[in-house]
Structures are given as structure tokens and as C-alpha cells.
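Here the structure comes first, spelled out in C-alpha cells, and everything after it is commentary.
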2 protein chains.
Amino acid sequence: MTSRRTTLADVATAAGVSTSTASRVLNGGAAVAEASAVRVREAAATLGYRLNPQARSLRTGRDTTIGLVVEDFNIALFARIASAVVAAAESRGVHVVIATSGTGASEQRGIEALASRNVAGLVVVEGRAGTAYLDHVGHTRPTVLVDAARPHPSIDTVTVDNHGGGRQATERLIAHGHTSIAFVGSEPSAKTVYRRYEGYAEALTAAGLPVRPELVAWAGLGVAEATESLRTVVPGWQGVTAAFTAVERTTAGLLVALAEHGRQSVEVMCFDDMDLGAVTVPPLSALAQDADTIGRCAAEMLFERIDGLDLPARHVQVPLQLVDRSTAPPHVGRPTTLPEPGRAADRLTTSGPRHPARLRQEEG
Amino acid sequence: MTSRRTTLADVATAAGVSTSTASRVLNGGAAVAEASAVRVREAAATLGYRLNPQARSLRTGRDTTIGLVVEDFNIALFARIASAVVAAAESRGVHVVIATSGTGASEQRGIEALASRNVAGLVVVEGRAGTAYLDHVGHTRPTVLVDAARPHPSIDTVTVDNHGGGRQATERLIAHGHTSIAFVGSEPSAKTVYRRYEGYAEALTAAGLPVRPELVAWAGLGVAEATESLRTVVPGWQGVTAAFTAVERTTAGLLVALAEHGRQSVEVMCFDDMDLGAVTVPPLSALAQDADTIGRCAAEMLFERIDGLDLPARHVQVPLQLVDRSTAPPHVGRPTTLPEPGRAADRLTTSGPRHPARLRQEEG
DNA sequence: CTGAAAGCGCTTACAG
DNA sequence: CTGAAAGCGCTTACAG
């Protein structure tokens, strides 16, 4: 539509030097006479020159763009993580190309979509693909795996303690005097969710309580689907006084089902905090994932790899925050790392112990 | 790390033809002997060839990648729109590069970040930048503006009827017998929100009710900030029996403030639906934006432009859905285009009249 | 129907 | 300190 963009050759001509020299000036590094340098910079400014990253990438074989593979943006946590990754990339002047795999689908397709461009690295949120496949990708270019169920032997990961979180949530409910506690998840094949389930079961067992299969509901991935499923399950939960929802998207459905059966006195604790959790019936206590930190960590670790860091796989575990909105316990103060819960949390929040982010080195 | 990727030259060599011929086969179009074509395709398959989009882009001056500029992914509506845009792009084999501008910031920075690569087109979600600037961008390359406050004279837009929505929400509250209705927004400078405010005011006036400034709260952009602000405002709302929150992120804060002052009987209607809205106190009625349709429309309109459609600016208005969760009105059935509200909506939802998407042609 | 050649915008040894 | 030249992987007139 408008005229051709200005190119390095234009700048060089305007400055009266060769493109080689212009390139050296603009990229820094090699020694250039100050007089030439000044003329080049002036010309670049006047002409509004911006280098063409694709051309550079083609020539050098390196690309500064990174790829971000996300299962589904509609999952609030993933959107928040993506947001943090993009922000971190931008502050480094790096572009982010996105691919999605679709809820519950393997990220393999998304990764392949990005593999055709030579992105500098990959952040992969959600690890459903087979280990063999990830091995391949992880060795092809710098990669960081986020929300993996467990550390990958040879790829950097940013995780959360799903098992410990499940256990902590359940222990809290037990501490509140509950002995009949239901579990709600999406699908047992979702590995992070299954680890939360294991934590739930472990807490029960440790307290001498039975793990009763009829109190464990796998409600599916969709919001509508979960609601439907929980409607039929809740009536069977006769002695139940508390529930742990291990997946954010099932929580609304559980509350609807509870309301329909007049069971609003059930105490509910869920994985992932929601702004509205303070004003639902029942109120929602939560183990909050710090999406900001997760995303920022992932981006930073990736950049270190891109910059050439040559170390065995590193694994960072971002701490969870317990937000207790049950009416029983006293107020203990607002945790500072809580993802913006609104001041409502001031009165309603109890924070669990804080674990500093743990960085383990493994022998790759 | 591993060996060089296979290139078109590799394929050509393996097939015993020139790169010209290989290129013709793989791109279709030009006539090629069937025998050669077969050999090329086989070679490509065997070697796992994938073309390098950057190289093609450099050569042709065209790029299939599109840019997506979003104010902030943490805003649920924007994340859902982005999701739909990405999905539409993927189904066309097109990559999406993302830039964010940060909450409340102009998208100008984000656009500039993408301008250095020659993306085929741009979807810009949120229109804070000056018209002059957008004019420039919109004439440089195909662009679609989403969530603009009003149709842009010369750029394709996908909007929602903010004014009508504000009016409709308020009218519904008036129909329920309310005469003292508060308004909650973020900032008057947020143009879409201001249009909702105008609709609110218009509905009041049309009903012979006064627009009372002390019932209009501009609570700011952040969740925490809004809560804090509403805490101080709500006590002054003595006769108020209903409220319209024009911004999703202010809603949690309003409910917290209402709860703290024992005002849970206030009827609340908000812009943008939330899954938990069915189980809050008070329950949340909503004007739901159909993020899926918005995103898909934007992507499709952009592709039409990229494919060379040469028409004056087009403007699509995606209809809003009224979700009435107040206890008063009878059940009328679930609107089919509602963005997955969960089956909870079955019992709690009343849908307003449906307007088919309107496509207006303007003389750009 | 096919290939040799030029060129997209850049970087980088290589000579000077 | 500087420029001419080659080349990254592709496409596309141009000849044949």
C-alpha cells in the first residue's frame, strides 16, 4: 500500500558506507570509525530504519522469536501464565509465536506447527505428549516445560507441588473436623490432577480415614459437562461435609449441584483461586497457583538456555498459597505473593507456610 | 544441536530435479510432469521436508503470519477472543505472533513491536490508540479492530453494542421494579465502558428516573483497586436496590463491598458472564459477550482482506446475550449461542431477543 | 515441462 | 577500519 520499507542498504547509501559497515554499527561489536558510526546512526534514525528479523534469522540461523505452546487459552491459569511469558519476552524485545493444541489434546500438534520456523526456543504449557516426543523436541532446541506433572529428566521444568497441594488442601479440611471429604477432578488421565488426587488420598490415609471411591468424581473437562455430571453424583454424597475440587473448571458445577440439593453447607477447597470465590455460597478456599511467577520463571529459564547456559535440566517449583475462606479459622494476614485476590482477601485469608522457590539440579 | 534441517534443495536433489521444479510441485499451480511431481512429493515425505516460512516471506514479500495485539491476557474476555483468533488462524495453517500493551495502556507499542516483521495482517483488540495512528496502521496492512468503542471510518471492526447493552441491562433492572440503580465502571476514559454508561443513563432518563452522580462509581482498572474503592462508596448508596457493573473486573469487588455492608439483596447485572455468577450472593445476571464469535469473525474478516478483498471498511456487530439470574422472572430457555455457561444456566437463564449479526457497509 | 539465475534483507568471514 | 562477495532458503520471471 505505502512505499517499500527502508532497508539496511538504504541506510548504508544515505551514510555513504557499505552495508557491511552499516550492519556492524547497528549491531555493535566490531570496531568502526566513530565518524562512520555517527553517520549510520543518523541515517537509520532519519529513515526510520528497523531491521527485518526474518532476514537476519535466515542469514544467521538464529531467531530471537520464541514459541509458546498452550493447551487452551480459555483455561484461566494458562492465559495468565501466557500473559507473564509474553510480558517477560517483550521486556527483552523478543516476539512470541503462539500455538494451541485444544483442551485435552496433546501439544504435539502445536509444537509441530512451530517447528517449521526456527524459533529460538519453546515454552510448552501442559505436558500430555509422550516423553519420547518431548525428548526429541527438548534436544532440538531450548525448551521449558510448564505445568508438567513431574520434572522431566532432561528438560527444564517449572512446576507446582500438585501432590503436596492436594495433601495440604485435604489436611486443612481434616483439621476443620471433616471426616467425609469428596474429591472432584476432570479426568484421571490429566497427570497433574491425578497427582492432586494422590495427595488427597494420602492425607486421608495418614489421618486414618478411608478413601471411598464413591466420593471421587471425575467430572470431565468442560464446564457444562462437569455440572451435568456432578448433578447426578452429589445426591449420593450423603454424609459428605467437605469437598476438594482439583480443577478450577469443575468448581462452578459443583457449587451449582450443591445448591440444587440444598447442600451449601459443604465446605469447598479448590485448586486455583478465583476472584469471585469470596462471595460464592459456599465460599471457596483455594490453593492458589502464582501464574505470574510461573510464567516469568519459565521465560527467564528459557532465555538462559538460549543465551547458551549449558547445565543439566533444572527444575523450579513455584510455591502454592493456601487461601482459607472458611468461616472457622482466624485471620492471619494476607500473603504477599497471592495473585491479586482483591482486598476482600484481607479479611478472609489465611496463608499457609511459605516455601521459597526451590531450585534443584538433576543429573540430566 | 542435531543436524541441519532438510531444505528444498535437498528434496530437489533427492528427486533429481531443480529447486525450481521442486518448488512448483510443492506450491501447486504451475504445470509439472506428473512423474517429476511424484518423485518430488515422495522425496519431501521421506526427508520430512517443511518449508521455511521466513525464507518464503523474505523472497515473496508476503508473510502468512498474522499479528495479534491484545491489551492484557489477564482480562478473561480478551483471552477468550485471542483463543478464538488463534484457533481460526491455525485451521488455516497461519501462525500468530502476539504483542501485549499492558492493562490500560495504548496498543501502539504492541503494534510497533509487530510492525518490524512483515506480518500479513493485524488483529488489534482494544482501541485506545489515537485514530490518527490507527489510520496509519490500517492503511499499511490489513487490520481488524476488535472491541472498538465505535466503528472506525476506514478499518474493519468487530464490535458489540455497548450502548444498547448498557441500556438493555438497565431497562431490565427497571422492569424488575428498581428505581435506584447504581452504575460501576472502571474509568470514564475507557470508551467502550463509557458507552455502556451512556446506555445506562439513557435508560434511566427514558424511564423518567434521575441520573444521580453519587450512584456512579468509577472504580479503576485493577481488581484490588476496585474493591477498595467500592468499599468506601457502597455505604453511601442508601436507597439503592440494584447495580449495573459495566466491567467484569469490578464485579467481585462490588459483591465483597455489598457483603460487608449487609447489602446482598441488591440485584446485580453485569457486562460479561462468569461461570460462578450462578452461585454468588447476590447471583449475577449478565450481558454476555460471545468471545468465540467475536474472535472468529475478526480472523475471518482479516483473512478476506489478506486474500485481497477490496471493499470499504466493514463493521460487524456481534449480539449480546442477556442472562437473567434474578429470582423474579420465569425460565425461558437457554440461548444456544451463550458462551458455555454450564448447565446451571438451564434453570436460571432468560435470554433476550436475538439479533442476527449485522453487517454494515460504510463508505470508508 | 524445466533449469539457471537473480534477488528478498541481512551477516560474516576474507582481503585489504 | 572497511568493502566486495558469498550465502541463508526460498520463488519467479526468463529462456529454452
Side-chain angles (χ1 to χ4, degrees), chain A residues 3-41 43-44 47-65 93 95 114-120 141, chain B residues 3-41 43-44 47-65 93 95 114-120 141:
Chain A
S3 55
R4 196 173 61 78
R5 271 186 45 199
T6 76
T7 139
L8 186 61
D10 300 332
V11 175
T13 305
V17 299
S18 70
T19 57
S20 317
T21 300
S23 175
R24 288 189 194 103
V25 172
L26 267 17
N27 291 313
V32 171
E34 190 50 25
S36 318
V38 170
R39 290 208 310 281
V40 168
R41 275 191 282 269
L47 301 177
Y49 171 71
R50 271 186 316 237
L51 86 64
N52 179 332
Q54 332 221 39
R56 165 188 275 171
S57 161
L58 184 59
R59 173 59 237 237
T60 62
R62 283 173 263 118
D63 193 325
T64 68
T65 303
H95 292 167
L114 295 185
S116 63
R117 30 172 97 225
N118 43 8
V119 289
R141 48 167 62 83
Chain B
S3 55
R4 196 174 59 78
R5 271 187 46 200
T6 76
T7 139
L8 186 61
D10 299 334
V11 174
T13 305
V17 298
S18 69
T19 55
S20 318
T21 300
S23 174
R24 288 189 194 106
V25 172
L26 267 16
N27 291 313
V32 172
E34 189 51 27
S36 317
V38 170
R39 290 208 310 282
V40 169
R41 274 191 282 268
L47 301 177
Y49 171 70
R50 271 184 316 235
L51 86 64
N52 180 332
Q54 332 221 41
R56 166 187 277 170
S57 161
L58 183 59
R59 173 59 236 238
T60 62
R62 282 173 262 119
D63 194 325
T64 68
T65 303
H95 291 168
L114 295 184
S116 64
R117 31 173 96 225
N118 42 9
V119 290
R141 48 167 62 83

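So you know, we letter chains A, B, ... as the sequences are listed, proteins then strands, and number each from 1. All heavy atoms count here, side chains included; hydrogens, waters and symmetry mates do not.
Looking at heavy atoms from C-beta onward, B/S23 lies in side-chain contact with B/L8 at the 4.5 angstrom threshold. Within the 4.5 Å cutoff, side-chain heavy atoms of A/V40 are placed close to those of A/V11.
Closest approach of A/T7 to A/D10, counting heavy atoms only: N-OD2, 2.8 Å. Closest non-hydrogen pair, A/Q54 versus B/S57, comes out as NE2-OG, 3.5 Å. Minimum interatomic distance between B/A55 and A/L58 (heavy atoms only, all atoms of both residues): CB-CD1, 3.9 Å.
For B/R56, the side-chain hydrogen bond (donor to acceptor under 3.5 Å, both in side chains) partners at least two apart in sequence or on another chain are B/N27. B/R59 is linked by a salt bridge (Lys or Arg N to Asp or Glu O under 4.0 Å) to nothing, counting only residues two or more places apart in sequence or in another chain. Legend: residues meeting side-chain hydrogen bond (donor to acceptor under 3.5 Å, both in side chains) with A/T13, ordered by chain and number and at least two apart, are absent.
Boundaries of the chain A contact region on DNA chain D are D/dC1 to D/dG9, first to last in 5' to 3' order (nucleotide atom under 4.0 Å from a heavy atom).
In this structure, B/S57 reaches neither bases nor backbone, as no heavy-atom distance under 4.0 Å exists between it and the strands shown.
Heavy-atom distances to DNA chain C give each of B/S36 and A/S23 a nearest nucleotide, and the one nearer the 5′ end belongs to B/S36. Residue A/T21 is the one, among A/L58 and A/T21, whose nearest nucleotide of DNA chain D lies closer to the 5' end (criterion: closest heavy atom). Summary of the strand contacts: A/Y49 and B/A37 both lie near DNA chain C, and taking for each the nucleotide with the nearest heavy atom, the more 5' one is attributed to B/A37.
For DNA chain D, the residues of residues 11-20 of chain A within the heavy-atom distance limit of 4.0 Å (strictly under) are A/V17, A/S18, A/S20, sorted by number.
Summarising the geometry, atom CZ belonging to B/R24 is positioned 9.0 Å from atom OG1 belonging to B/T19; distances are rounded to the nearest 0.5 Å.
Stem regions annotated for DNA chain C: C:1-3 with D:14-16, C:5-12 with D:5-12, C:14-16 with D:1-3, counting only runs of 3 or more consecutive pairs of Watson-Crick or G-U type with both contacts under 3.5 Å.
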**Prompt:** Where do B/L26 and B/L51 land on the side-chain contact (heavy atoms from CB on, under 4.5 Å) test, with the steps shown first?
**Reply:** CA-CA 9 Å; B/L26 267 16; B/L51 86 64; over 6 Å; no

